[in-house]
*Asks:* 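Could you have a look at this structure, given as structure tokens, before my questions?
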Amino acid sequence: MSKYISTHWGTYKVNQDKENNISLDYWEKDYYPTRFGLSLTEAATDHLRIKQPYIRKGWLKNKGKSDIDRGKDTFVPMSWDESLDIAANELLKTKNNFGNSSIYAGSYGWASAGRFHHAKSQVNRFFNHFGGFSSSYQSYSYAAAQTILPHIIGLDLYSTLDEHNSWNALSDNCELMVMFGGMPLKNSKVSSGGVGKHSTQEGMKKCVLGGTKFINISPLKNDSPEFLNAEHIAIRPNTDTALMLSLAYILIINNSYDKDFINKYTVGFDSFAAYVLGKKNNAPCTPEWASNITNIPIKKIKNLAEKLITKKTMISMSWSLQRASRGEQPLWMGITLACMIGQIGTAGGGFGFGYSAVNSTGDSFTKIPWKSLPQGKNNIKDFIPVARITDMLEKPGETFDYDGQKLKYPDIKLVYWAGGNPFHHHQDLNRLVKAWQHPNTIIVNEIWWNAQARHADIIFPANTALERNDLMLNPRDPTIVANKKSIDSFANSKSDYEIFSGLANRLGFESTFTDNKNEMEWIEFLWEESKKIAKDFKINLPDFKKFWENGFYEVPCPDKKKIMFENFRNDPENFPLKTPSGKIEISSDTIESFQLKDCLSHPSWFEPYEWLGKINKYTLHLISNQPTHRLHGQLDNASDSRKSKIKDREPVLINSLDANKRSIKDDDIVMLYNDRGKVLAGAILSEDVMPGVVVLSTGAWFDPNYNLNTEVHGNPNVLTNDVGTSSLGQGPTSHTTLIEIKKASKEEIADVMIFNSLSFKENT
Ligand SMILES: Nc1nc2c(c(=O)[nH]1)N[C@H]1C(S)=C(S)[C@@H](COP(=O)(O)OP(=O)(O)OC[C@H]3O[C@@H](n4cnc5c(=O)[nH]c(N)nc54)[C@H](O)[C@@H]3O)O[C@H]1N2
Ligand SMILES: Nc1nc2c(c(=O)[nH]1)N[C@H]1C(S)=C(S)[C@@H](COP(=O)(O)OP(=O)(O)OC[C@H]3O[C@@H](n4cnc5c(=O)[nH]c(N)nc54)[C@H](O)[C@@H]3O)O[C@H]1N2
Ligand SMILES: [Mo]
């Protein structure tokens, strides 16, 4: 029987040779597999694996008061027994001296795809049994949307995603898909929790065959795959709201919007319209006004407005739009525009948020809420919106706004992280590195010697999905996979479950934490519980043994068409939305009652804090989008990602006009800089990116060179700003960043060290 492994980027067959060496092959049922995933086996055995527990030397000497900064220190190898004793003791001391709220275990991150070994579930279960912890809420992906969607359409983000018109509904009915932020195919390679068959490309192709036309409104031409043949409208980053407002203006002036839809299904249009027409002490949102902001010719804007209302139109927005200053606005405005077009609730139109952001959006199978690891209850109420971590560490006790509430930052003494990497995901890393020095103790479970491990005090070596048994049980994917352990744990690494069991043992709650179950017993438990849940959906999962032997199970999928808000459209009385008015809120009394300066009662244009409309020192807008050859920082150490580098640096795309002005040529090592930091990258001249914009994807392992005061590998988060989207959502704003770029001089260049095991001095 074949063995399989499921990952966030796909399912693979595991081959084993006579010497027990393993390699991966594409799963034959996945017609659009992800290449970079094949190199998991290589990364799982490379020299960057953490072989055993380590403790930072300065911390061991003088706990909490080390005079050497985290990130600059060396590490002492330790036995499991000793390191677990030390960590358990620190946890207990912190709990007794400062209380559980002084422990931050928000532990954001994608970790690995298995349901049982899901690191954050393990963290939550452990700390809930330990009396609770300060937690995090929201995601870096769509925090602004998570906050505003319930106010305007009465749905949480995940339900919104599940409601999306399916590809098979769109392909027969949609005439025009207007894609704000494009639909980058590379992003649909992944889905959190695992992918069976990649379906997005097929969905898009169906639409092309069905005659849908596409318009890609984005700073980057290749945000739309070539086969869509999209018309490209280059837009200045972060100005989509202004463009959409001007489209609304044209529809209002021409009296051509769908008044019936507005009256029947929405509230607050008049107040919004008054704003659009400039009757609220603001400039009217004319095409001329928007053209100045967006840099799109007036004629193009007028032409676009005409197309919108003469076709069955889907307004598609990428998640990236709201990872930006005032990120709530483009989403709210896009939904408002879709209301004015009047096709919400029909098969061919409406709005979408995140088609092709990950694999599952637009799929049509039944979503089943599979059983997950029971986590218990967190007795500590303190939490932060996830992207406010640096603020929290810098300003204990200070209050901040969030979704109409005033909250207080807890005073954090101990940080525990497993399955995420803030030195990948967080903005303004130089500021994070400083704030990261505040807690007394930082404990991290990590697989590789990336920056996350190198900035910890106690490092527990975690193993990879290849070294464990698990289930891929993703509610957003119809394939279930038996992840069978295919290699022994690398060196002295352990699973997060084993690590937390070891800590729980020392803290006196091992049997509560483990429930006296081993790995396989947990997996069987999850299967049996899920089997019961499946019955409610008239699905009979096979016996566990049979499933495990077979290696995967495909949940039957009726090819039904899904239409967002169909019931609401057909019968708004009986199927009202869960908003205060029961309708779509173009103006929201709730948000108005918060009295915020940065999020008004209806969609509005706010100048971003940095943008191309107001440049001084820094003249280029940096887009740090998702990487093509890896998942965030994961597998950056493997061959696909390494091969894509230029002179060992992350490639930065720059338009030849901007490059020529600065005498930058292909393959040059360049320096990107602003007031927040300096980064080296490798130049690629490209006409795909509009003039004024450069693209440096996220995920190059953070590699600061403190002598040069420069990050030498190409991590964009040294340059991005760390402020919330607004006091409503407090989401991250990585896509709002101005920089300058120049060819780096010899003196400004140093080698990339992060992949070099010699750069890490094991200090015995
Ligand atoms: N500039 C910029 N920054 C961004 C973004 C952007 O667009 N631009 N996007 C943001 C978004 S949307 C996201 S979701 C975040 C993603 O940020 P993260 O999810 O934090 O990034 P990953 O690199 O996936 O981090 C996962 C870490 O977990 C480790 N790991 C994997 N499996 C396991 C396991 O089983 N156990 C343990 N203990 N560890 C494990 C991996 O080695 C890796 O270091 O980044 C955000 N940051
Ligand atoms: N291969 C791969 N796929 C991934 C991931 C990965 O790491 N690797 N990460 C996954 C994760 S965690 C997430 S959250 C999703 C994210 O999905 P998205 O948020 O959609 O992804 P991004 O790549 O950040 O942005 C998509 C495009 O939006 C455009 N864009 C940026 N700002 C603006 C703007 O202001 N206006 C307009 N019109 N366009 C703009 C950029 O040109 C960019 O290429 O991707 C997922 N998919
Ligand atoms: Mo994300």
Side-chain angles (χ1 to χ4, degrees), residues 1-8 10-13 27-32 113-118 121 155-169 188 190-200 202-203 206 358-375 465 469-484 517 519-564 566-567 575:
M1 268 295 160
S2 295
K3 273 188 184 174
Y4 300 91
I5 173 88
S6 64
T7 68
H8 296 304
T11 295
Y12 300 85
K13 226 160 78 184
W27 181 39
E28 59 279 3
K29 295 203 166 207
D30 183 8
Y31 298 144
Y32 301 95
R115 194 78 166 171
F116 170 61
H117 287 292
H118 179 233
S121 305
L155 275 183
D156 65 69
L157 174 104
Y158 298 102
S159 311
T160 309
L161 294 179
D162 293 347
E163 284 260 336
H164 268 57
N165 282 24
S166 50
W167 293 113
N168 54 7
S188 68
V190 314
S191 176
S192 175
V195 182
K197 298 171 191 165
H198 287 83
S199 50
T200 306
E202 205 160 285
K206 263 193 205 151
V358 285
N359 183 56
S360 55
T361 319
D363 285 344
S364 56
F365 59 89
T366 320
K367 305 267 149 64
I368 303 171
W370 301 119
K371 184 74 182 170
S372 54
L373 182 70
Q375 297 181 4
N469 293 299
D470 212 336
L471 283 176
M472 171 191 152
L473 205 53
N474 180 356
R476 289 180 179 76
D477 196 289
T479 309
I480 306 178
V481 182
N483 282 2
K484 290 181 199 161
K517 291 189 186 72
E519 179 190 63
M520 278 315 288
E521 285 164 342
W522 270 113
I523 291 169
E524 254 188 87
F525 163 81
L526 293 176
W527 181 265
E528 293 306 330
E529 292 298 309
S530 295
K531 215 171 147 165
K532 290 179 205 159
I533 297 169
K535 280 222 168 83
D536 297 341
F537 294 82
K538 303 200 165 42
I539 288 166
N540 275 322
L541 295 188
D543 288 340
F544 178 74
K545 260 201 176 140
K546 212 167 144 197
F547 154 73
W548 195 255
E549 253 172 53
N550 194 48
F552 60 87
Y553 174 77
E554 294 181 81
V555 178
C557 296
D559 196 29
K560 68 170 191 254
K561 290 183 182 167
K562 255 187 355 190
I563 299 167
M564 188 193 253
E566 191 178 25
N567 289 339
F575 296 96

*Asks:* Given 3.5 Å as the limit, does a donor-acceptor pair link the side chain of Asn474 with the main chain of Ser192, or not?
*Replies:* yes
*Asks:* Checking Lys517 now: which residues fulfil salt bridge (Lys or Arg N to Asp or Glu O under 4.0 Å) with it, not counting sequence neighbours?
*Replies:* Asp515
*Asks:* Given the rule in the salt bridge (Lys or Arg N to Asp or Glu O under 4.0 Å) test, do Glu528 and Lys371 qualify, once you have shown the distances and angles that lead to the verdict?
*Replies:* CA-CA 9 Å; Glu528 293 306 330; Lys371 184 74 182 170; over 6 Å; no
*Asks:* Using the side-chain hydrogen bond (donor to acceptor under 3.5 Å, both in side chains) rule, pick out the option among Asp477, Asp363, Thr361 that qualifies with Ser199.
*Replies:* Asp363
*Asks:* Can you sort out the partners of Ser188 under side-chain contact (heavy atoms from CB on, under 4.5 Å), two or more places apart, ordered by chain and number?
*Replies:* Leu185, Thr200, Ser356
*Asks:* Going by salt bridge (Lys or Arg N to Asp or Glu O under 4.0 Å), name the residues that satisfy it together with Lys531, two or more places apart in sequence or in a different chain.
*Replies:* Asp543
*Asks:* Out of curiosity, Lys484 NZ to Ser2 OG, how far, rounded to the nearest 0.5 Å?
*Replies:* 8.5 Å
*Asks:* Can you tell me how far CD1 of Ile523 sits from CG of Leu373, rounded to the nearest 0.5 angstrom?
*Replies:* 11.0 Å
*Asks:* For Leu471 and Leu526, which heavy atoms make the closest approach, and how far apart are they?
*Replies:* CD1-CB, 4.0 Å
*Asks:* Is it true that Ser159 and Asp156 share a donor-acceptor pair across their side chains at a distance under 3.5 Å?
*Replies:* yes
*Asks:* Testing the basics here: between Ser6 and Thr11, what is the closest heavy-atom pair and its distance to 0.1 Å?
*Replies:* CB-OG1, 3.8 Å
*Asks:* Tell me every residue that passes salt bridge (Lys or Arg N to Asp or Glu O under 4.0 Å) with Asp162, counting only those two or more places apart in sequence or in another chain.
*Replies:* Lys367, Arg476
*Asks:* Nearest 0.5 Å please: distance from the CH2 atom of Trp527 over to the CD1 atom of Ile480.
*Replies:* 4.5 Å
*Asks:* Keeping Glu524 on the side-chain end and Phe544 on the backbone end, is there a donor-acceptor pair under 3.5 Å?
*Replies:* no
*Asks:* How many angstroms lie between atom OG of Ser372 and atom CZ of Phe116, to the nearest 0.5 angstrom?
*Replies:* 12.0 Å
*Asks:* For Trp27 and Tyr4, take the angle between the two ring planes, folded into 0 to 90°, and tell me which bin it lands in: parallel under 30, tilted 30 to 60, perpendicular over 60.
*Replies:* perpendicular
*Asks:* Do you know the tightest heavy-atom contact between Pro475 and Phe365?
*Replies:* O-CE1, 3.6 Å
*Asks:* Taking atom NE2 of His8 and atom CE of Met472, what is their separation to the nearest 0.5 Å?
*Replies:* 10.5 Å
*Asks:* Between Asn483 and Asn469, does the side chain to side chain contact (heavy atoms under 4.5 Å, CB included) criterion hold? Intermediate values first, please.
*Replies:* CA-CA 5 Å; Asn483 282 2; Asn469 293 299; over 6 Å; no
*Asks:* Checking side-chain polar atoms at under 3.5 Å, does His198 have a donor or acceptor matched by the opposite partner on Asp30?
*Replies:* yes
*Asks:* When rounded to the nearest 0.5 angstrom, what distance separates CD in Glu202 from CH2 in Trp167?
*Replies:* 11.5 Å
*Asks:* Show me, pair by pair, the donor-acceptor contacts under 3.5 angstrom made by side chains of residues 532-542, not counting sequence neighbours?
*Replies:*
| residue | atom | partner | partner atom | Å |
| --- | --- | --- | --- | --- |
| Lys532 | NZ | Glu529 | OE2 | 2.9 |

*Asks:* Quick one: list whatever passes side chain to side chain donor-acceptor pair (under 3.5 Å) with Glu554, sequence neighbours left out.
*Replies:* Lys29, Lys197
*Asks:* I'd like to check the side-chain contact (heavy atoms from CB on, under 4.5 Å) partners of Phe575; sequence neighbours left out, ordered by chain and number.
*Replies:* Asn567, Asp571
*Asks:* With sequence neighbours excluded, tell me which residues meet side-chain contact (heavy atoms from CB on, under 4.5 Å) with Ser166.
*Replies:* Asn168, Ala169, Ser364, Lys561, Lys562
*Asks:* Do side-chain atoms of Asn165 reach the backbone of Ile563 as a donor and acceptor pair under 3.5 angstrom?
*Replies:* no
*Asks:* Partners of His118 by ring pair (Phe, Tyr, Trp, His ring centres under 6.0 Å), sequence neighbours excluded?
*Replies:* none
*Asks:* Taking the six-membered ring where the residue is Trp, are the ring centres of Phe547 and Tyr553 under 6.0 Å apart?
*Replies:* no
*Asks:* Using only atom types and a distance under 3.5 Å, with no angle test, would you say the side chain of His117 pairs donor to acceptor with the backbone of Glu519?
*Replies:* no
*Asks:* Name all residues meeting the salt bridge (Lys or Arg N to Asp or Glu O under 4.0 Å) criterion together with Lys206; count only those two or more places apart in sequence or in a different chain, and write none if there are none.
*Replies:* none
*Asks:* Please report the closest heavy-atom contact between Ser191 and Val358, naming both atoms and the distance.
*Replies:* CA-CB, 4.3 Å
*Asks:* Check ring pair (Phe, Tyr, Trp, His ring centres under 6.0 Å) between Trp370 and all other residues, then give those that pass, not counting sequence neighbours.
*Replies:* none
*Asks:* Locate the shortest heavy-atom distance separating Arg115 from Asp470; write the atom from each residue and the value.
*Replies:* N-OD1, 3.4 Å
*Asks:* Would you please name every residue forming a side-chain contact (heavy atoms from CB on, under 4.5 Å) with Lys560, sequence neighbours left out?
*Replies:* Thr366
